Undergrad: 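Sharing a structure below in structure tokens format, with a few things to ask.
Hydrogens, waters and symmetry mates play no part in the numbers below; they use all other heavy atoms, side chains included. What you see is a predicted model; the values in this text were computed from it and never measured.
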Amino acid sequence: MAKYTVPANGAKIGYKDGKIQVPDNPIVPYFPGDGTGPDIWKATKIVLDGAVELAYKGKKKIAWMEVYAGLSALKAYDKDTVLPQETLDAFKEYRVGLKGPLTTPAGSFKFVCLDCAAELMDRPANCPKCKSEWITPRFRSVNVGLRQKLDLYACVRPVRWFTGVPCPVKSPEKFNIVIFRENTEDIYAGIEFEWGTAEQKQVYEFITKTMKKNIPFPDSGIGIKPISKTGSQRLARMAIKYAIDHKKPSVTLVHKGNIQKFTEGAFRDWGYEVAVTEFREHVVTEAELWDKLDGKMPAGKVLIKDRIADQTFQQFLLRPDEYSVIATTNLNGDYLSDAAVAQVGGLGIGPGANIGDGCAIFEATHGTAPKYTNKDMVNPGSLILSGVMMLEHMGWQEAADLIVKGLEKTIAAKTVTYDFERQMPGATKIKCSEFGAAIVKNMGGAAVAA
């Protein structure tokens, strides 16, 4: 029997002709996440439910269904299950989901505490940090597992500035970019061989002696990163389609093809190929713009261009208004998306989604911040804005717009969580729950208890 309970008052989201079919009472699986996840989830639910009620006057309502992943799954199932098959099946069946941040162990330790995320080399009876008995073997990233097993091949992160948010750049209003990061290959599908192992020696011998390629030092850890035509083109296809549908002026293919010709460089070439073969009537390449059109961009067309990854970091700082949609490989997208959101206020205000064909999970883009667990302190903006993306994905634009309105008014009033308050002269520090309640009030909803 499944650990989760299907809401009796909800209906499944359907899928037909490449588009989701959303009923008025969609069942949406969710899990709050680890660490500060439960705090930000409570604030987010207040905001999402308030916006839907205000926008549709009871005619539409989300039927929330809690599922389990990460530390909650380890406790609900057993100490070796961080991503239950039931959870994967639920997201696949119900098609749209929302998730909080999850613990992702790193480094060479062997065990992790489920309650405080302490990293341990040995498995004691109780955690030396918080005294919890919930100690489990180290596990790989649940986030990556969700993306790979559900084939959510595009990590989509819109990055924009909200008036009043403290940030380190002079003109944050110029930044309005949507990043499409390939989500299933490159280093996410990477294969590694640890130095000193028989496998590493075998691979080293094959590369240097059979393939006649140079590895400078034999005591090297060796990694392989696959980038495919299939993965590259479906990512580029989604980004270009988004740009056309949302009337964006350009799509930039970001890569490191000047060094890695057959992975990064191929990503660039495959992106151009899908643009001109599948979207010919909608796009102009940068080469065509200058070679055939004398630099004059035709009205209503999307410009397809490419940039080297390190150059793009510089351009984001100097000329961000020249970019609107980015399509890039996994590792480049990881760096770029975090650097981009830092320019407009940080991860606390950065939404994200993992989207595939017929399934999408929207998520907080930051970590679990375990030291703030249950303190009702942290900024819920990332998950709230991910909820906005979810509503837009469902076609509930009116509710999404109300949340943005409420968030902007709340920030303008300088009633913010501690991360913003300490950078905003004259601001009032409020709790995570109070921030959610203030957004509801500022979008015109009924007062809710924080």
Undergrad: Anything under 30° is parallel, anything over 60° is perpendicular, the rest tilted; go ahead and classify Tyr335 against Phe313.
TA: tilted
Undergrad: Is a donor on one side and an acceptor on the other found under 3.5 Å between the side chain of Thr328 and the backbone of Val254?
TA: yes
Undergrad: Residues two or more places apart in sequence or in another chain: which of them pass salt bridge (Lys or Arg N to Asp or Glu O under 4.0 Å) with Asp24?
TA: none
Undergrad: If I take atom OH from residue Tyr4 and atom CZ from residue Phe31, how far apart are they, to the nearest 0.5 angstrom?
TA: 13.5 Å
Undergrad: Is any side-chain N of the basic residue among Arg237 and Glu278 closer than 4.0 Å to the acidic one's carboxylate O?
TA: yes
Undergrad: Can you tell me if Lys174 uses its side chain to pair, donor with acceptor, with the backbone of Lys170 under 3.5 Å?
TA: no
Undergrad: I'd like to know whether Phe316 forms a side-chain contact (heavy atoms from CB on, under 4.5 Å) with Phe175, so could you lay out the CA-CA distance, the side-chain angles of the two residues, the decisive distance to 0.1 Å, and finally the verdict.
TA: CA-CA 8 Å; Phe316 272 14; Phe175 211 108; 3.8 Å; yes
Undergrad: Would Val47 and Val440 satisfy side-chain contact (heavy atoms from CB on, under 4.5 Å), going step by step from the backbone distance to the final call?
TA: CA-CA 6 Å; Val47 173; Val440 175; 4.2 Å; yes
Undergrad: Hey, what do you get for CD1 (Ile308) to CD (Gln315), rounding to the nearest 0.5 Å?
TA: 12.0 Å
Undergrad: Without swapping roles, check the side chain of Ser232 against the backbone of Trp270 for a donor-acceptor pair under 3.5 Å.
TA: no
Undergrad: Testing the 3.5 Å rule here: is there a donor-acceptor pair between the side chains of Glu398 and Tyr56?
TA: yes
Undergrad: Are more than 12 heavy atoms, taken from residues, nucleotides or ligands other than Lys42, located less than 6.0 Å from that residue's NZ atom?
TA: no
Undergrad: Just jot down the salt bridge (Lys or Arg N to Asp or Glu O under 4.0 Å) partners of Asp186, sequence neighbours excluded, or say none.
TA: Lys225
Undergrad: How many angstroms lie between CG in Asp334 and CD1 in Ile179, if you round to the nearest 0.5 Å?
TA: 10.5 Å
Undergrad: Go through the structure and list residues passing side-chain contact (heavy atoms from CB on, under 4.5 Å) with Asp306, not counting sequence neighbours.
TA: Leu253, His255, Arg268, Tyr272
Undergrad: Does any N or O in the side chain of Thr36 come within less than 3.5 Å of the main-chain N or O of Asp39, such that one atom is a donor and the other an acceptor?
TA: no
Undergrad: Do Ser433 and Asp376 get their side chains close enough for a donor-acceptor pair, meaning under 3.5 Å?
TA: yes
Undergrad: Minimum heavy-atom separation for Ile384 and Leu48, please, with both atom names.
TA: O-CD2, 4.5 Å
Undergrad: Which residues pass the side-chain contact (heavy atoms from CB on, under 4.5 Å) test with Pro7, sequence neighbours left out?
TA: Asn9, Ile27, Ala63, Met65
Undergrad: Among residues at least two apart in sequence or on other chains, which ones pass side-chain contact (heavy atoms from CB on, under 4.5 Å) with Pro84?
TA: Ala73, Tyr77, Thr81, Thr87
Undergrad: Do Thr252 and Lys305 have side chains that get closer than 4.5 Å, going by heavy atoms?
TA: yes
Undergrad: Hey, does the Lys NZ or Arg CZ of Arg319 hover above the aromatic six-ring of Tyr323, less than 6.0 Å from the centre and inside 45° of the axis?
TA: no
Undergrad: Taking Lys261 first and then Asp269, would you say they form a salt bridge - that is, a charged N and a carboxylate O separated by under 4.0 Å?
TA: no
Undergrad: Ignoring hydrogens and angles, tell me if any N or O in the side chain of Ser72 forms a donor-acceptor pair with the backbone of Tyr68 under 3.5 Å.
TA: no
Undergrad: Using the ring pair (Phe, Tyr, Trp, His ring centres under 6.0 Å) criterion, which residues pair with Tyr372? Sequence neighbours excluded.
TA: Tyr418
Undergrad: Does any non-hydrogen side-chain atom of Pro172 lie less than 4.5 Å from one of Val165?
TA: no
Undergrad: Looking at Gln148 and Tyr188, would you say the former's side chain and the latter's main chain have a donor-acceptor pair under 3.5 Å?
TA: yes
Undergrad: From Lys45 NZ over to Tyr30 OH, what is the distance, rounded to the nearest 0.5 angstrom?
TA: 7.0 Å
Undergrad: Just wondering, do Phe435 and Leu407 contact through their side chains at under 4.5 Å, heavy atoms?
TA: yes
Undergrad: Compare all side-chain heavy atoms of Gln85 with those of Asp89 and state whether any distance is below 4.5 angstrom.
TA: yes
Undergrad: Could you tell me which residues satisfy ring pair (Phe, Tyr, Trp, His ring centres under 6.0 Å) with Tyr242, sequence neighbours excluded, listed by chain and number?
TA: Phe180, His246
Undergrad: Tell me whether the count of non-hydrogen atoms from other residues, nucleotides or ligands lying under 6.0 Å of NZ in Lys60 goes above 12.
TA: yes
Undergrad: Assess whether atom NZ of Lys431 is packed by more than 12 heavy atoms of other residues, nucleotides or ligands within 6.0 Å.
TA: no
Undergrad: Hey, mind stepping through Val302 and Ile304 against side-chain contact (heavy atoms from CB on, under 4.5 Å) and telling me if it holds?
TA: CA-CA 6 Å; Val302 176; Ile304 309 296; 4.1 Å; yes
Undergrad: Tell me whether Gln314 contacts the main-chain N or O of Asp310 through its side chain, where contact means a donor paired with an acceptor under 3.5 Å.
TA: no
Undergrad: With rounding to the nearest 0.5 Å, note down the distance linking CG in Leu235 to OG1 in Thr230.
TA: 12.5 Å
Undergrad: With heavy-atom distances below 4.5 Å as the criterion, would you say the side chains of Val283 and Val251 are in contact?
TA: no
Undergrad: Is Lys12 close enough and on-axis enough to Tyr94, meaning under 6.0 Å and within 45°, for cation-pi?
TA: yes
Undergrad: My understanding is that only residues two or more places apart in sequence, or in another chain, count here; which of them pass ring pair (Phe, Tyr, Trp, His ring centres under 6.0 Å) with Phe362?
TA: His393
Undergrad: Give the intermediate values and the outcome of side-chain contact (heavy atoms from CB on, under 4.5 Å) for residues Thr417 and Lys429.
TA: CA-CA 5 Å; Thr417 49; Lys429 182 173 69 173; over 6 Å; no
Undergrad: Any side-chain heavy atom of Val416 sitting closer than 4.5 Å to one from Asn379?
TA: no
Undergrad: Where do Lys405 and Asn442 come nearest, in terms of heavy atoms and distance?
TA: CE-O, 4.0 Å
Undergrad: Hey, which of Leu385, Val404, Ile349, Val341 is the one that makes side-chain contact (heavy atoms from CB on, under 4.5 Å) with Arg160?
TA: Val404
Undergrad: Taking 4.0 angstrom as the limit, do Glu363 and Arg147 come out as a salt bridge?
TA: yes
Undergrad: So does Pro370 get a backbone contact from the side chain of Thr373, meaning a donor-acceptor N/O pair under 3.5 Å?
TA: yes
Undergrad: Can you list the residues that meet the side-chain contact (heavy atoms from CB on, under 4.5 Å) rule with Pro249, with sequence neighbours excluded?
TA: Ser324
Undergrad: For Glu182, check salt bridge (Lys or Arg N to Asp or Glu O under 4.0 Å) against everything at least two apart and list the hits.
TA: none
Undergrad: Measure the spacing between CH2 of Trp161 and OG of Ser171 and express it to the nearest 0.5 Å.
TA: 9.5 Å
Undergrad: Scan for side-chain hydrogen bond (donor to acceptor under 3.5 Å, both in side chains) pairs involving residues 285-301, sequence neighbours excluded, and state none if there are none.
TA: Arg280-Glu288, Thr285-Glu288, Glu286-Arg307
Undergrad: A side-chain contact here means heavy atoms from C-beta on lying under 4.5 Å apart; do Glu408 and Thr163 qualify?
TA: no
Undergrad: Using modelled atom types only, decide if a donor and an acceptor are shared between the side chain of Lys3 and the backbone of Ala76 within a distance under 3.5 Å.
TA: yes
Undergrad: What residues form a salt bridge (Lys or Arg N to Asp or Glu O under 4.0 Å) with Arg95, not counting sequence neighbours?
TA: none
Undergrad: Looking only at non-hydrogen atoms, find the nearest pair between Leu88 and Leu150 and report the distance.
TA: O-CD2, 3.6 Å
Undergrad: Should Val388 and Pro351 count as side-chain neighbours, where that means a heavy-atom distance under 4.5 Å?
TA: no
